[in-house]
Amino acid sequence: MTENPIRVRFAPSPTGMFHVGGARSALYNWALARQQDEGRFVLRIEDTDAARNKPEWTEGIIQALAWLGIGESDPHFEGPYFQSDYAEKHRETAERLYDEGRAYYCDCTREQVQERRDNPNLGYDGFCRDRGLEPGPGRALRFRVPEGGPTVVEDRIRGRVEFEHTSIEDFVVARADGSPLFVLANVVDDVEMGVNTVIRGEEHLSNTPKQQLLWEALGQAPPSWAHLPVIVNEKRQKLSKRRDKVALETYQEEGFLPEAMVNYLMLLGWAPGGDREIMPWSEMAPLFRISDVNSSSAFFDEKKLRAFNGEYIRALEADDFVERCRPWLSPEVAPWPEENYDDDVFRAVAPLAQSRVAVLSEIVANVDFLFLDEPVDDPKSWSKAMKPETGGPMLAAARERLADPALSWEPEALRAELEAAGEGLGLKLGKAQAPVRVAVTGRTVGLPLFESLELLGRERTLLRIEAAQERLRAEEAGAAPAGADAAPASTAEGTAAVE
RNA sequence: GCCCCCAUCGUCUAGUGGCCUAGGACGCCGCCCUUUCAAGGCGGUAACGCCGGUUCGAAUCCGGUUGGGGGUACCA
């Protein structure tokens, strides 16, 4: 027997941001569509809510999908379709439901329904079921839920789920103005587009019996359903736009690699087996089985995502890493004056930074000392490294040695000089390098120091050490003898600002 | 309230009656390496919610319970 090729769909509504849950859902759908030669991933933009819909939001959806590797260039991709283009079909279908007695008009207001029902637990009471109301102003169209029995949803993740018809109210399928509701429009479109497999979030599970009833009422065999577990925050609540970090775009801006994001997202509810987690999409996608997806909710763990991202970054070819960093180095966003930037210098340091960044945006803090006029002022680093007993003396010793014009300005020699300078003060290299590092880069942590100095150059290195010495002297002169912890620091900052 | 879903380390998961004194990964902790920080290497911490059944045998099957979650719109 030959199976019909799978037709899945991804049907986001434009909201101005792309939800990570939607991203996972899209990926699962995409994996399935690509497993069959004729498999199709249908993109439909559910743009009927004109009130909150902007054209650029649709573009955002397409771009986000493309970032994930889902796009128009692939033959498995179909669309995008726009729900708004099918408005006529929606209305026709609503009429048809009415004509065939599967739906009826209702003029009850919410208040009337509420007053009438004896049991506040029930929804609509079916008051207008047999009143034979004609279409007209103020009249919504309600689906006539069959009297007996349950509707059984066969879910490929959850198995058999039964909904007694007594617990499904006669739901509205079209508003009084004739416009269709999600529950109807969604089904009509799926029928129209030949969708045979619906994979979506668990929040839609309770819509499913209603939609299945609709498919049947339209004389169609319902699709194969699969409801994915919700993605939750640390408090185990569904990730919400309002309170959680859910926008794919945000992760992209921070410098998460799409490969890492895709890998991580695939693992939220599913595992390829064999104790493997880091796996490229090309290997992962063929292994994906919808029936193997977990049914319990999954916490979106950014820590683990970062770990994955770091792995992917480290695995990048050196040149690729440089290219991927570019967006954070561009003049529009970089903190340094444009003319200070030197691409050769960046290419030279990049390999040192590659194992040190978990997300690409961190590249900036790693290399900014090379392009800034002055190193950043980080008070914590300063106070930690510039202890009175060691800071000044170490800077002085370092300056003297590094100023020697005979010194060859390369890492090994620089190391030897600083080591010797430290020895003279009874400091091991670990301690000795700290004041120099802070004087030159502004921070206690960073790239390997001697390579950094080499790239910075003798002149700028010496200038920065001298500037730091000056600042130290100013602090000593200005520091109140009774000064508390915070007092010298603020004085220091004030001094630095004047410079 | 009502309908529905879910339940293995802190987290994501492996596990579909014996291979489990429960495996991997992230996190966390320790050690090594080391010019800082990373990276890397080595080691450690830590889970089958609870109560009953079924069975020679249960993380795996059944019932209950507790606890989470989703949905309850003329939103999508």
Side-chain angles (χ1 to χ4, degrees), chain A residues 11-15 46 48-49 51-52 83 106 108-110 119-123 138-142 153 155 157-159 161-164 166-169 171-183 185-186 201-209 227 229-230 232 234-238 264 267-278 294-308 310-311 314 352-358 362 366 381 385 411 414-415 418-419 422 428-434 436-438 441 443-452:
Chain A
S13 46
T15 59
E46 308 230 320
T48 42
D49 192 347
R52 48 175 217 207
Q83 186 162 68
C106 166
C108 299
T109 63
R110 181 198 291 265
N119 186 344
N121 299 328
L122 267 28
R139 293 176 181 179
L141 187 66
R142 285 184 184 274
V153 172
D155 189 282
I157 294 174
R158 282 148 221 285
V161 186
E162 282 192 30
F163 297 83
E164 289 296 335
T166 51
S167 68
I168 306 175
E169 65 175 340
F171 52 96
V172 175
V173 292
R175 300 181 183 86
D177 66 3
S179 62
L181 260 67
F182 162 80
V183 71
N186 193 260
E202 189 197 338
E203 62 269 25
H204 288 291
L205 188 52
S206 42
N207 285 325
T208 309
H227 288 89
V230 289
V232 299
E234 55 291 330
K235 291 166 72 183
R236 304 242 119 222
Q237 301 160 312
K238 183 171 79 162
Y264 179 71
L267 262 26
L268 232 39
W270 175 77
D275 282 343
R276 288 192 65 193
E277 288 197 326
I278 300 283
N294 260 343
S295 38
S296 48
S297 53
F299 168 58
F300 190 92
D301 186 357
E302 194 177 330
K303 281 231 185 84
K304 185 154 182 170
L305 207 210
R306 282 178 68 90
F308 273 38
E311 290 247 8
R314 274 171 253 130
L352 298 176
Q354 193 167 351
S355 68
R356 274 164 254 257
V357 298
E362 289 170 358
N366 273 280
S381 289
L414 292 168
R415 177 198 170 110
L418 285 190
E419 215 160 14
K428 291 219 166 116
L429 191 49
K431 291 278 185 197
Q433 56 92 40
V436 178
R437 177 183 292 281
V438 171
T441 73
R443 302 186 182 88
T444 52
V445 303
L447 269 23
L449 183 60
F450 313 119
E451 286 81 353
S452 297

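Every chain is numbered from 1, with letters handed out A, B, ... down the list of sequences.
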From [options], nucleotide with atom closest to [X] side chain:
X	options	value
Ser295(A)	U35(B), C6(B), A76(B)	C6(B)
Leu181(A)	C26(B), C75(B), C12(B)	C75(B)
Val172(A)	A76(B), C74(B), U35(B)	C74(B)
Lys238(A)	G70(B), U11(B), A76(B)	G70(B)
Gln237(A)	C26(B), G70(B), A73(B)	G70(B)
Arg110(A)	A76(B), C74(B), U35(B)	C74(B)
Val161(A)	U35(B), G68(B), C4(B)	C4(B)

Report yes or no: is there a donor-acceptor pair, N or O only, under 3.5 Å between the side chain of [X] and the base of [N]?
X	N	result
Glu277(A)	G24(B)	yes
Asp275(A)	A25(B)	no
Ser355(A)	A38(B)	yes

Within the structure shown, what part of the strands sits under 4.0 Å from [X] by heavy-atom distance: base, sugar-phosphate, or nothing?
X	value
Arg158(A)	sugar-phosphate
Leu447(A)	base
Arg443(A)	nothing
Gly159(A)	nothing
Phe163(A)	sugar-phosphate
Ser296(A)	sugar-phosphate
Gly269(A)	sugar-phosphate
Arg437(A)	base
His227(A)	nothing
Ala434(A)	nothing
Leu449(A)	base
Glu302(A)	nothing
Glu419(A)	nothing

State whether the side chain of Arg236(A) and the backbone N or O of Val232(A) hold a donor-acceptor pair below 3.5 Å, judged by distance alone.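 It does not hold such a pair.
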Sidechain-backbone polar pair: Tyr264(A) side chain, Glu302(A) backbone, donor-acceptor under 3.5 Å: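 Judged by distance alone, no pair lies under 3.5 Å.
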Send over the distance from [X] [atom1] to [N] [atom2], rounded to a whole Å.
X	N	atom1	atom2	result
Leu268(A)	A14(B)	CG	P	12 Å
Lys428(A)	U35(B)	NZ	P	11 Å
Tyr264(A)	U13(B)	OH	C1'	11 Å
Glu202(A)	C4(B)	CD	C1'	8 Å
Glu234(A)	G10(B)	CD	C1'	12 Å
Asn366(A)	U36(B)	CG	P	16 Å
Arg314(A)	C37(B)	CZ	C1'	13 Å
Gln83(A)	A76(B)	CD	C1'	9 Å

Tell me whether the side-chain N/O atoms of [X] come closer than 4.0 Å to OP1 or OP2 in [N].
X	N	value
Arg306(A)	G27(B)	no
Arg415(A)	U35(B)	yes
Arg356(A)	U36(B)	no
Lys235(A)	G69(B)	no
Asn294(A)	A14(B)	yes

Contact summary for Arg276(A) and Pro272(A), nearest pair of heavy atoms: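 Heavy atoms only, the tightest pair is O-CG, 3.3 Å.
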Base-pairing assignment for [N] (Watson-Crick or G-U wobble, both under 3.5 Å):
N	value
A39(B)	none
C19(B)	none
C2(B)	G71(B)
A7(B)	U66(B)
C61(B)	G53(B)

In whole Å, measure the gap between the [atom1] atoms of [N] and [M] for me.
N	M	atom1	value
U11(B)	C48(B)	P	12 Å
G1(B)	C19(B)	P	42 Å
A22(B)	A14(B)	C1'	10 Å
C28(B)	A39(B)	P	10 Å
U16(B)	G27(B)	P	28 Å
U45(B)	C29(B)	P	16 Å
A58(B)	G17(B)	P	14 Å
C6(B)	U60(B)	P	16 Å

Assess the residue pair Asn207(A) and Asn186(A) against the criterion (side-chain contact (heavy atoms from CB on, under 4.5 Å)); give the C-alpha distance rounded to whole Å, side-chain angles, the decisive distance to 0.1 Å, and a yes or no. CA-CA 11 Å; Asn207(A) 285 325; Asn186(A) 193 260; over 6 Å; no
Under 3.5 Å side-chain donor-acceptor pair for Ser296(A) and Asn294(A):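 No, no side-chain donor-acceptor pair sits under 3.5 Å.
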Answer with yes or no whether the side chains of Arg437(A) and Thr441(A) bring together a donor and an acceptor at under 3.5 Å.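 No pair is found: no donor N or O on one side chain lies under 3.5 Å from an acceptor on the other.
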Worked verdict on His204(A) versus Phe182(A) for side-chain contact (heavy atoms from CB on, under 4.5 Å): CA-CA 11 Å; His204(A) 288 291; Phe182(A) 162 80; 3.6 Å; yes
Could you give the distance from CD (Glu202(A)) to CG (Asp155(A)), rounded to the nearest 0.5 Å?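 It comes to 9.0 Å.
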Any residue meeting side chain to side chain contact (heavy atoms under 4.5 Å, CB included) with Ser295(A), in chain and number order, not counting sequence neighbours: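 Only Ile157(A), Arg158(A) meet the side chain to side chain contact (heavy atoms under 4.5 Å, CB included) criterion with Ser295(A).
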Stepwise side-chain contact (heavy atoms from CB on, under 4.5 Å) check, Leu305(A) with Phe300(A): CA-CA 8 Å; Leu305(A) 207 210; Phe300(A) 190 92; 4.1 Å; yes
